[in-house]
Amino acid sequence: MFDAIVIGSGFAGSVTARMLADRGKKVLIIEKRAHIGGNMFESNDHTGISVHWYGPHIFHTNLKNVFEYLKQFSDWFSYEHRVLGKIDGQLVPIPFNFTSLEKLYPQKMADEIKQKLQAYYPGQEKVSVLDLMCCKDDIISKFGEFVYSKVFVNYTAKQWGVPPEKVDKSVINRVPVVLGYDDRYFQDKYQAMPCNGFTRIFENMLDHPNITVQLSCDAAKRLEMDIENSRIYFDRKLWEKPIIYTGAIDELMGYEFGMLPYRSLDFVFEQHKVTSYQSAAVVNYPNEEDFTRITEFKYLTRQEAQGKTTILKEFPVPYDVKAEKGNIPYYPIINEDNLALYKKYKTCTDKFGNLYLCGRLAEYKYYNMDAVIDRALQLAESIGS
Ligand SMILES: Cc1cc2nc3c(=O)[nH]c(=O)nc-3n(C[C@H](O)[C@H](O)[C@H](O)COP(=O)(O)OP(=O)(O)OC[C@H]3O[C@@H](n4cnc5c(N)ncnc54)[C@H](O)[C@@H]3O)c2cc1C
């Protein structure tokens with residue numbers, strides 16, 4: 001009766017399902033959680049404040065097609081994300097910019113560093129802290145070391161559980177030093193948040209006569225992968241139509257080659273009887289505290305509520321599927337060994353002609369939501385008409 005099965009209802013699964021449904025395909029979505037939306041899930045907590053249960057999510061993209069696609073399912077308000085970091089007891093803009101520099105250095109020194117930076121990197125808007133540290137100019141390299149030690153070293157060690165030199169350089173380069181006063185966290189062309197929250201987008205996307213959603217249903221219990229013959233059985237019957245899988249690739253293959261490593265997070269929500277808790281949507285705590293950042297959701301949602309607010313503290317923890325805390329795989333740990341292990345799984349799954357992998361878990365990749373939506377749009381186009 002169904003033309004395709006989609007495992008997972010995050011953006012990867014929901015966008016693919018909707019695209020196929022719009023082409024007349026009858027799609028079954030299987031979701032192991034009790035809600036749709038994957039890690040984008042948002043709803044009110046017990047005090048009536050809307051929160052992102054899997055960490056703060058901000059939409060930003062340079063992909064016009066992705067934003068246009070999403071506009072079908074929600075109205076959006078313009079939102080530019082700003083982050084502060086607590087450094088030496090002061091709150092300064094992150095990414096580190098000229099305002100941060102002026103706040104943390106004596107004026108004369110700050111002026112000298114700014115002039116040097118502008119002379120050394122003319123017309124450049126940002127530069128990696130790793131490049132600054134390698135600069136031949138002594139003043140610039142010392143400045144780079146300062147930023148690295150105050151903003152990156154402890155934060156990275158907390159976030160990843162290893163010293164920064166063991167972390168892939170792309171992770172450090174994700175937050176460059178800004179050579180100016182632009183204090184926005186993202187510079188993308190389209191920056192916005194959904195007027196009625198992220199979950200409403202998924203409700204609208206999946207509200208289609210060709211889509212059936214089954215919640216609280218683990219695909220692992222209904223799928224059998226016959227690796228030898230590259231065949232998939234669903235509910236014990238051979239399934240030869242497309243199956244789009246957005247869960248973890250190692251789980252799908254029964255952990256045949258071992259588990260792919262991830263970093264996880266322990267989320268601690270706090271309700272406070274104040275209208276506003278902090279002066280920015282997110283405040284980073286790179287150094288003294290055990291948590292990495294505090295998010296105050298009202299900034300992200302524009303919700304107005306007098307005398308109450310909800311904040312989220314994020315404590316990075318090792319991923320352990322059986323543990324009480326840290327049992328959700330959030331960030332793939334990208335290094336040569338882990339990518340080689342992923343490739344082993346991928347070589348295996350590639351043999352199944354009707355299996356399509358999409359999303360952060362299936363592709364073992366850090367995807368922002370815009371990139372995963374773009375990928376799902378392209379994938380759906382490529383699945384036989
Ligand atoms: C803390 C954090 C903050 C982030 N912030 C941002 C941000 O600000 N902006 C941004 O653009 N991106 C952000 N991201 C990235 C964003 O979360 C992802 O791009 C997006 O959620 C990926 O969607 P997905 O569908 O691939 O995965 P998911 O949303 O994880 O969806 C996968 C779904 O599959 C289900 N599933 C898995 N296995 C099975 C199974 N066996 N049976 C049935 N169902 C199954 C899961 O329950 C889940 O619902 C952030 C990520 C993290 C971790």
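Remember, it's 1-based here, ligands and their atoms both numbered in the order they're listed.
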Show which atoms of ligand 1 fall inside a sub-4.0 Å distance from at least one heavy-atom site of [X].
{"X": "Cys217", "value": "42 (N), 43 (C)"}
{"X": "Thr246", "value": "32 (C), 34 (O)"}
{"X": "Gly38", "value": "29 (O), 31 (O), 48 (C), 49 (O)"}
{"X": "Gly359", "value": "26 (O)"}
{"X": "Gly10", "value": "25 (O), 29 (O), 31 (O)"}
{"X": "Gly247", "value": "37 (C), 38 (N)"}
{"X": "Glu251", "value": "41 (N)"}

Considering heavy atoms of the protein only, find what lies nearest to [atom] and give residue, atom and distance to 0.1 Å.
{"atom": "atom 53 (C) of ligand 1", "answer": "Tyr330 CD2, 3.5 Å"}
{"atom": "atom 45 (C) of ligand 1", "answer": "Lys32 CG, 3.8 Å"}
{"atom": "atom 34 (O) of ligand 1", "answer": "Gly8 CA, 3.2 Å"}
{"atom": "atom 42 (N) of ligand 1", "answer": "Ala219 N, 2.9 Å"}
{"atom": "atom 46 (C) of ligand 1", "answer": "Glu31 OE2, 3.5 Å"}
{"atom": "atom 40 (C) of ligand 1", "answer": "Asp218 OD1, 3.6 Å"}
{"atom": "atom 28 (P) of ligand 1", "answer": "Arg360 NE, 3.6 Å"}
{"atom": "atom 15 (C) of ligand 1", "answer": "Tyr367 O, 3.2 Å"}

Name the one of Arg293, Lys158, Arg263 that satisfies salt bridge (Lys or Arg N to Asp or Glu O under 4.0 Å) with Glu314?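 The single option meeting the salt bridge (Lys or Arg N to Asp or Glu O under 4.0 Å) with Glu314 is Arg293.
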Examine the side chains of [X] and [Y] and answer whether a donor and an acceptor come within less than 3.5 Å of each other.
{"X": "Asn97", "Y": "Asp183", "result": "no"}
{"X": "His81", "Y": "Tyr79", "result": "yes"}
{"X": "His60", "Y": "Asp370", "result": "no"}
{"X": "Asp207", "Y": "Asn204", "result": "no"}
{"X": "Tyr120", "Y": "Gln115", "result": "no"}

Is it true that [X] and [Y] make a salt bridge, defined as a side-chain N closer than 4.0 Å to a carboxylate O?
{"X": "Arg222", "Y": "Asp235", "answer": "yes"}
{"X": "Asp111", "Y": "Lys108", "answer": "no"}
{"X": "Lys343", "Y": "Glu336", "answer": "no"}
{"X": "Arg231", "Y": "Glu240", "answer": "no"}
{"X": "Asp320", "Y": "Lys322", "answer": "no"}

State if [X] counts as touching ligand 1 under the rule of any non-hydrogen atom under 4.0 Å.
{"X": "Phe59", "answer": "no"}
{"X": "His81", "answer": "no"}
{"X": "Leu265", "answer": "yes"}

Taking the six-membered ring for Trp, are the ring centroids of Phe198 and Phe41 within less than 6.0 Å of each other?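 Aromatic pair excluded; centres sit 6.0 Å or further apart.
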Do Phe202 and Phe11 have ring centroids that are under 6.0 Å from one another? yes
Out of [options], who gets a non-hydrogen atom closest to [atom]?
{"atom": "atom 11 (O) of ligand 1", "options": "Arg222, Met369, His60", "result": "Met369"}
{"atom": "atom 8 (O) of ligand 1", "options": "Thr16, Ile58, Ile36, Ile30", "result": "Ile58"}
{"atom": "atom 29 (O) of ligand 1", "options": "Ile7, Asp370, Asn39, Thr61", "result": "Asn39"}
{"atom": "atom 4 (C) of ligand 1", "options": "Arg33, His35, His57", "result": "His57"}

Counting only heavy atoms, which portion of [X] has something under 4.0 Å from ligand 1: side chain, backbone, both, or neither?
{"X": "Asn368", "result": "both"}
{"X": "Pro56", "result": "backbone"}
{"X": "Ala371", "result": "neither"}
{"X": "Tyr331", "result": "side chain"}

Is there a donor-acceptor pair closer than 3.5 Å between any side-chain N or O of Lys298 and the backbone N or O of Thr275?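 Yes, the answer is positive, given that a donor and an acceptor are paired below the 3.5 Å cut-off.
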Please confirm whether Cys358 comes within less than 3.5 Å of ligand 1 when only nitrogen or oxygen atoms on both sides are compared.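 Between Cys358 and ligand 1 (N or O atoms, distance only) the closest approach is not under 3.5 Å.
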Could you say whether the N/O atoms of Gly13 and ligand 1 ever approach to under 3.5 Å?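 The answer is no, given that Gly13 and ligand 1 share no N or O pair closer than 3.5 Å.
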When rounded to the nearest 0.5 angstrom, what distance separates OH in Tyr366 from CD1 in Ile334?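 Nearest 0.5 Å value for the OH-CD1 distance: 12.0 Å.
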Against the six-membered ring of Phe77, is Arg302 placed for a cation-pi contact (under 6.0 Å from the centre, within 45° of the normal)?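 So Arg302 does make the cation-pi contact.
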